[in-house]
Colleague: 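Would you mind keeping the following structure in view while I ask a few things?
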There are 2 protein chains.
Amino acid sequence: HAEFAVIGLGRFGSSLALTLVERGFHVLGIDRDQPIVQRLADKITQVVQLDSTDEEALTAVDITSFDTVVVAIGSNFEANLLTTVALKALKVERVICKALNERQRTILLRVGADRVILPEFEAGARLAQELAAPGMVDQIALGSEHSIIELRVPRSLVGQSIMEADLRRRFGITILAIKRNDILTVSPPPDYTLTNGDILAVIGENTCIARISALL
Amino acid sequence: HAEFAVIGLGRFGSSLALTLVERGFHVLGIDRDQPIVQRLADKITQVVQLDSTDEEALTAVDITSFDTVVVAIGSNFEANLLTTVALKALKVERVICKALNERQRTILLRVGADRVILPEFEAGARLAQELAAPGMVDQIALGSEHSIIELRVPRSLVGQSIMEADLRRRFGITILAIKRNDILTVSPPPDYTLTNGDILAVIGENTCIARISALL
Ligand SMILES: Nc1ncnc2c1ncn2[C@@H]1O[C@H](COP(=O)(O)OP(=O)(O)OP(=O)(O)O)[C@@H](O)[C@H]1O
Ligand SMILES: Nc1ncnc2c1ncn2[C@@H]1O[C@H](COP(=O)(O)OP(=O)(O)OP(=O)(O)O)[C@@H](O)[C@H]1O
């Protein structure tokens, strides 16, 4: 059963820790700021005040017993870097770091971070994808070549049956399921009539997916 | 054809603007800091230096001609708020704001922001979801009751045919597609043998999805 330690309980770190607790995981929260530790004390499994650049302090809380330690310190890069180096020296299995830019990411990976996240940049790119394809509700990549996307039925297809819409021939995509209000139809039949408000889950190669997005 | 203006070209704002430009959209970037404007001048369709709390300056760049304006100013809440108020007074159609906490979000919505994003909090929650279900590659919600999830085939199912795995009866989920290396099989047949490394795209009610996540 995985256990997590989160060092740095700012916006990113605290929401990470609280969400993991919500999911039933044991979380140790660490921050050097006493008011922050106090505020979260009864919301996270265990919260301690310590300076994470101090290897002895990390050892004292048995940091290596955690499968994953997240270093969620952004604006103090030196503390972030020293903490990451300390965690890897103590042989913590997986260390995930926040960073503020690519230069920091490169350095952290070089000193042994297993993964580095740039939350603000990723959030900006994510919002852009959403704004760029407003009819598209969501999408997941299936390998590097294919995607499943969820989209509102395009106006130009409303009233057509699946057979008439002819999506496989026109766009190379297959409708996996359709959600109409609360009813889900998996592998809908060819005579199913597409109705305004239907949510379609379709699968196809990424180039094909791009072409249907143009319909939206 | 939608056009976007992004006010505040920090990490969140700049990556939003650059990603929209990559997607072929016309973007106006605004920042009061000259070095930032200079650095992005040849990467964004159009970049201007101005103080976004100045309604006249906003009018001078024809801000109402943009369908969507994003206020990506975080640490200066007063500027964020005044800018949002100015944009709505000028009747900008859609205003999306960044905010640093729930209190700021409430205030911005109250003065007319159409949507408020908390990027660091959302990034923390998103990482938590990923860490919480490591066998699960990705997921999309299909309405409030169902999800499509992409998962690595659980070890306990390797070597079984789809019929033997009996996922619909055991877990209430349907396999929509399977990716093996670069081959995608949509609606795989009952005699398809699940192999180590296969990526499954399955659909089901959220409670059922939670139960198969326990297998991972
Ligand atoms: N050496 C350290 N040991 C423990 N905690 C630390 C240390 N340095 C910073 N912190 C804590 O990390 C938290 C987050 O740090 P900071 O605010 O610098 O990052 P941020 O990236 O701006 O945060 P946010 O996630 O809110 O965007 C703060 O609560 C701070 O007290
Ligand atoms: N009144 C203003 N008019 C125009 N630009 C502004 C104004 N106030 C702040 N900015 C710009 O907004 C940008 C982002 O602001 P700030 O750094 O405060 O936000 P942040 O949320 O910390 O950024 P990040 O997206 O990097 O996390 C900065 O480049 C700053 O110059």
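Worth saying up front: this structure is predicted, and the values here are computed from it rather than measured. What's counted below: heavy atoms across the whole structure, side chains too, no hydrogens, waters or symmetry copies. So you know, we letter chains A, B, ... as the sequences are listed, proteins then strands, and number each from 1.
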Colleague: Tell me, side chain or backbone of B/Ala141 under 4.5 Å from chain A's heavy atoms, or both, or neither?
Modeller: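 Backbone only.
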Colleague: Taking the side chain as C-beta and beyond, is there a heavy-atom pair between A/Arg168 and B/Val186 under 4.5 Å?
Modeller: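 The answer is no, as the side chains (C-beta and beyond) never meet within the 4.5 Å cut-off.
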Colleague: Determine the option with the most heavy-atom pairs under 4.5 angstrom with chain A, choosing from B/Ala125, B/Ala72, B/Pro119.
Modeller: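 So the answer, after comparing B/Ala125, B/Ala72, B/Pro119, is B/Ala125.
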Colleague: Is the shortest distance from a Lys or Arg side-chain nitrogen in B/Arg115 or A/Glu130 to a carboxylate oxygen in the other one below 4.0 Å?
Modeller: yes
Colleague: Quick one: what part of A/Leu118 sits under 4.5 Å from any heavy atom of chain B, side chain, backbone, both or neither?
Modeller: neither
Colleague: Would you check if A/Glu122 and B/Arg126 make a side-chain contact, meaning some heavy-atom pair closer than 4.5 Å?
Modeller: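 Counting from C-beta outward, A/Glu122 and B/Arg126 never come under 4.5 Å.
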Colleague: Could you walk me through whether B/Arg11 and A/Leu100 pass the side-chain contact (heavy atoms from CB on, under 4.5 Å) test, one step at a time?
Modeller: CA-CA 8 Å; B/Arg11 283 162 228 124; A/Leu100 294 188; 3.8 Å; yes
Colleague: With a cut-off of 6.0 Å (strictly less than), are more than 12 heavy atoms of other residues, nucleotides or ligands near CD of A/Glu78?
Modeller: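 No, the 6.0 Å shell around CD holds no more than 12 heavy atoms from other groups.
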Colleague: In terms of heavy-atom proximity below 4.5 Å to chain A, should B/Ile117 be classed as side chain, backbone, both, or neither?
Modeller: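 Side chain of B/Ile117 only, per the 4.5 Å heavy-atom cut-off to chain A.
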Colleague: Please state whether the side chain, the backbone, both or neither of B/Ile140 comes within less than 4.5 Å of a heavy atom of chain A.
Modeller: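 Both parts, backbone and side chain.
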Colleague: Within the 4.5 Å heavy-atom criterion, are B/Lys98 and A/Leu127 side-chain neighbours or not?
Modeller: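 B/Lys98 does not reach A/Leu127 side chain to side chain.
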Colleague: So what's closer than 4.5 Å to chain A heavy atoms on B/Glu22: side chain, backbone, both or neither?
Modeller: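 Contact with chain A: none, neither part.
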Colleague: B/Ile203 versus A/Leu176: any side-chain heavy-atom pair under 4.5 Å?
Modeller: no
